[in-house]
Every structure is written in C-alpha cells, then in structure tokens.
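Taking it in order: structure first as structure tokens, then the write-up.
Naming: A, B, ... by sequence-line order, numbering from 1 per chain.
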Amino acid sequence: MGLGRELLAGPVLEVAPLLLGAVLVRTTGDGTVAVRLTEVEAYDGPNDPGSHAYRGQTARNAVMFGPAGHLYVYFTYGMHFCMNVSAGPEGQPSAVLLRAGEVIEGVELARTRRGMPSRDEARFNSAAVQSGVLPSPRRNGRVADPDRDLARGPARLCVALGVERDADGTDLLAPDSPIQLLPGPGYDGEPATGPRVGLREAADRPWRFWIPGDPTVSPYRPHVPKRRS
DNA sequence: ATTGAGATGGCCT
DNA sequence: GGCCATCTCAATT
C-alpha cells in the first residue's frame, strides 16, 4: 500500500491525484508540522511548455531528472519557495507541485512560521469578539476558520512546513528523512480538475487536481501579463 | 468577492 | 532584460 517509489515513478498525470489526501511530515529542531495535501498540479517535463524542465536540465531543475519521490524546491518572484515531488522514471523529468493542504499537526508552529498571532492571542481575540469589543470575522455568513489559510497556496505551504532551498533534493521516502511523504487518509472520491494556476504557457491543460469542496484549496488565478508604465 | 499594485531574487535567453 | 508554477494589503463592487 501507500506511496512507494515505483508508484511515484509512474506517469505524472496518474501520480498527481494519488497525492491528494497524502500527508507531508516535516520535523526540525522546532518541532513537527504535518499537512494533509488537498491541491496539486502535474508538470510533464519535455511534453509540457509549462514545466521548468521543458527546455532541458539545469542546476535548478536537476532534481526533476532524478528518481521519483524527491523534493524539488525552487525560489520564485524574488521571495517565495514552492515545492514539488519528483515523479516518473529516472531521466524523464516530471513533478507534482504541492499547492495547498490542511495542517493536521503542529498548528502552533505553523502559525508562528506564518506570522500569525499565537493561539493564546487568538483565544484572547475570541473573547474580545464575544464581548463585542472586536467584530466577528465572517465569510459567507459563517465564522471564518483562522487556520484555513496556513498552508493554502504553494508558498504558504512551504512556509508552514519550514521548507526552503536547503530542502531541495530531500528523499521523501527514506525512513530517516526529515521530510516524509506518507499515505495519510488518502482520498477516495473523484478529484476535481482544471487548468493550472498562473501559467502563461499551456494554460489550457487541466492538470490541476484538488479535493472538491475542501476549504484549504487555493483560489484559481489566470496568468496576468505585466505592464510597464 | 474581486481587482490591482507592489515587493523582490534569480534564472534563462 | 524579461519573465516568473506568489502573496498581502488596500480599494472597490
């Protein structure tokens, strides 16, 4: 069972939906944070103009060319990290971008990393809301879940898990690895699919997969060309 | 809820 | 030099 190397070495369009409901566990000196994955995207190397590996191997994308089940971390927009799980057989570059998830362990540490107020402070705020000192945050008429955004979006996911450049290449299947990919609860239903977020190239391919209705799934955003003044 | 601007580093042509 | 697999905040419907 589970997410073995051989399974991950399959076609990336088959691997990507298998990661929905899987769990990524990251342990550092500060503690452990675990995330249940709810949204991913497939990137199919040489067949995919949207893939970092489309134009061949470079120092940055080298992990995608290696064996499956390793973490490909890249830096983008001058300030964000994003992470992928390498897929497909060695020598055939493909990867699954991890876009969002639900923090199921280590919420307090994740909140700290994301610059959110501590739980104690949040509790104080809740008291203030109940006493009428602060307005109640609402979304569609329901009280907002303050932890929903902790790992909602690829850069937030990296922050919540403490994943930066030095995690690039980590083997997610090694028993002693500081970042583990575990089967978790999985997802039995039919995943929702749609175009990938923010891509200029190959914007029509429906290679984004998510758990329908899950509140931690990030909103879709089409590519917007930059304009100069 | 949706939109737009700004911040910012590094990769690739 | 151009282009990002983004996020947050503010202004507006």
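- Residues in residues 164-173 of chain A take part in these salt bridge (charged side-chain N to carboxylate O under 4.0 Å, His left out) pairs, two or more places apart or across chains: A/R5-A/D171.
- Residues passing the ring-ring contact (aromatic ring centres under 6.0 Å, His included) test with A/F65, sequence neighbours excluded: none.
- A heavy atom lying under 4.0 Å from DNA chain B marks the following residues of residues 47-62 of chain A, by number: A/R55, A/T58, A/R60.
- In DNA chain B, stems built from 3 or more consecutive Watson-Crick or G-U wobble pairs, each with both distances under 3.5 Å, span B:1-7 with C:6-12, B:9-12 with C:1-4.
- Listed by first then second residue, pairs satisfying salt bridge (charged side-chain N to carboxylate O under 4.0 Å, His left out) with a partner in residues 21-44 of chain A read A/R36-A/E102, A/R36-A/D214, A/E39-A/R99, A/E39-A/R208, A/E41-A/R99, not counting sequence neighbours.
- Applying the salt bridge (charged side-chain N to carboxylate O under 4.0 Å, His left out) test to every pair with at least one member in residues 176-191 of chain A, sequence neighbours left out, gives no pairs at all.
- For the pair A/R196 and A/Y43, the cation-pi test (distance below 6.0 Å, angle within 45°) is passed.
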**Fill in**
Protein heavy-atom contacts under 4.0 Å, written 5' to 3' over nucleotides 6-12 of chain C as B (base), S (sugar-phosphate only) or - (none), form the string BSS----

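- For the contact set between residues 35-43 of chain A and DNA chain C, defined by any heavy atom under 4.0 Å, the members are A/Y43.
- Note on residues 61-73 of chain A: no pairs pass salt bridge (charged side-chain N to carboxylate O under 4.0 Å, His left out), not counting sequence neighbours.
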N/O donor-acceptor pairs under 3.5 Å from side chains in residues 178-185 of chain A, not counting sequence neighbours:
| from | atom 1 | to | atom 2 | distance (Å) |
| --- | --- | --- | --- | --- |
| A/Q180 | NE2 | A/A174 | O | 2.9 |
| A/Q180 | NE2 | A/P175 | O | 3.0 |
| A/Q180 | NE2 | A/S177 | O | 2.9 |

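- Distance A/F75 CZ to C/dC4 C1': 12 Å, rounded to the nearest Å.
- At whole-Å resolution of the value, CZ in A/R200 and P in B/dT13 are 12 Å apart.
- Rounded to an integer number of Å, the gap from A/H223 NE2 to C/dA5 P is 9 Å.
- In this structure, the ring-ring contact (aromatic ring centres under 6.0 Å, His included) partners of A/Y74, at least two apart in sequence or on a different chain, are A/H52, A/Y72.
- By the side-chain hydrogen bond (donor to acceptor under 3.5 Å, both in side chains) test, A/R113 pairs with A/T28, sequence neighbours left out.
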